[in-house]
Each structure stands twice: as C-alpha cells, then as structure tokens.
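Residue numbers count from 1 along this sequence.
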Amino acid sequence: MSWDFFNIFLLLASAQGFFLALLIFHKHGRLFANRFLGSMLLFYSIILLNLFLGETGILYRYPLLLIIQFGLPFFIGPLHFL
C-alpha cells in the first residue's frame, strides 16, 4: 500500500465530497435540485473512493468492494443530462 500525494488527494477529495453531500442533504434537502446535487456529489465521491481503493491495492484484496460502485458510472451520464 503506497501513500503518495495522489492517493492522499483522492482520499481527501472523496471525504470532502461525502461531507458536502451530507451538508446539502441535511440543510437543504427539501428541494429537488438540492437532492439532485447531493446525489451527484455522493456518486462522484463513491467513484473517487473506489479509485483510492484501487490505487492502494485494498480493492484487490477485497474484491467484494467492487459491488459498491459497479453501476455508478452509468448513472452519471443521465444525471448530467437532467
């Protein structure tokens, strides 16, 4: 497991995305646009977390973690279209 600058950057970016999505859902969750933005942030954060797990080798030791993000890239395109 290597902790270089890129891996730390991926981990911090995914943590910040989870935090921002949580704030949007908690404070402004009633509007559809805010729920939409929060879900997009959540999806991108899960993808970044998967990249981090793949770069550090954790994903290869526990391949069941692939289930977490299996279909998310297919959701991102239609969400951007909306």
Side-chain angles (χ1 to χ4, degrees):
M1 177 152 75
S2 64
W3 286 86
D4 57 350
F5 177 73
F6 182 68
N7 292 339
I8 294 171
F9 180 75
L10 281 175
L11 185 63
L12 288 175
S14 67
Q16 183 180 11
F18 284 128
F19 180 67
L20 288 175
L22 180 72
L23 282 178
I24 288 174
F25 283 137
H26 181 67
K27 290 193 177 222
H28 308 286
R30 286 181 241 152
L31 292 175
F32 175 73
N34 291 332
R35 286 184 287 164
F36 185 74
L37 179 66
S39 65
M40 282 188 63
L41 273 171
L42 187 67
F43 289 160
Y44 276 124
S45 299
I46 291 172
I47 290 171
L48 285 174
L49 184 65
N50 186 38
L51 285 172
F52 169 74
L53 293 175
E55 285 288 324
T56 55
I58 297 171
L59 195 62
Y60 302 116
R61 280 189 272 158
Y62 306 105
L64 287 177
L65 292 174
L66 282 171
I67 296 172
I68 294 173
Q69 95 75 46
F70 182 69
L72 286 182
F74 298 114
F75 289 130
I76 295 295
L79 284 177
H80 278 286
F81 180 71
L82 289 174

Does one hydrophobic cluster hold both [X] and [Y], with members joined at side-chain heavy-atom distances below 4.5 Å?
X: Phe19; Y: Phe9; value: no
X: Phe74; Y: Met40; value: no
X: Leu22; Y: Leu49; value: no
X: Leu53; Y: Phe5; value: no

Review point. Closest heavy-atom contact between Ala21 and Gly38?
Key: CB-O, 3.6 Å

**Study point:** Nearest non-hydrogen partners of Arg35 and Phe25, listed with the distance
**Key:**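 Closest approach of Arg35 to Phe25: O-CE2, 3.6 Å.
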
Review point. Would you call Ile46 and Phe18 a side-chain contact if the rule is heavy atoms closer than 4.5 Å?
Key: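 The answer is yes, as the side chains (C-beta and beyond) meet within the 4.5 Å cut-off.
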
Point to revise | Heavy-atom check, side chain of Ile76 versus side chain of Ile47, under 4.5 Å | key: yes

What's the spacing between [X] [atom1] and [Y] [atom2] if we round to 0.5 Å?
X: Ser39; Y: Asn34; atom1: OG; atom2: CG; result: 10.5 Å
X: Thr56; Y: Ile8; atom1: OG1; atom2: CD1; result: 11.5 Å
X: Leu66; Y: Tyr60; atom1: CG; atom2: OH; result: 8.5 Å
X: Leu37; Y: Leu42; atom1: CG; atom2: CG; result: 11.0 Å
X: Phe6; Y: Leu11; atom1: CZ; atom2: CG; result: 12.0 Å
X: Asn7; Y: Leu12; atom1: CG; atom2: CG; result: 11.0 Å

Review point. Checking Ser14 side chain against Leu48 main chain: does a donor-acceptor pair fall under 3.5 Å?
Key: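 Judged by distance alone, no pair lies under 3.5 Å.
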
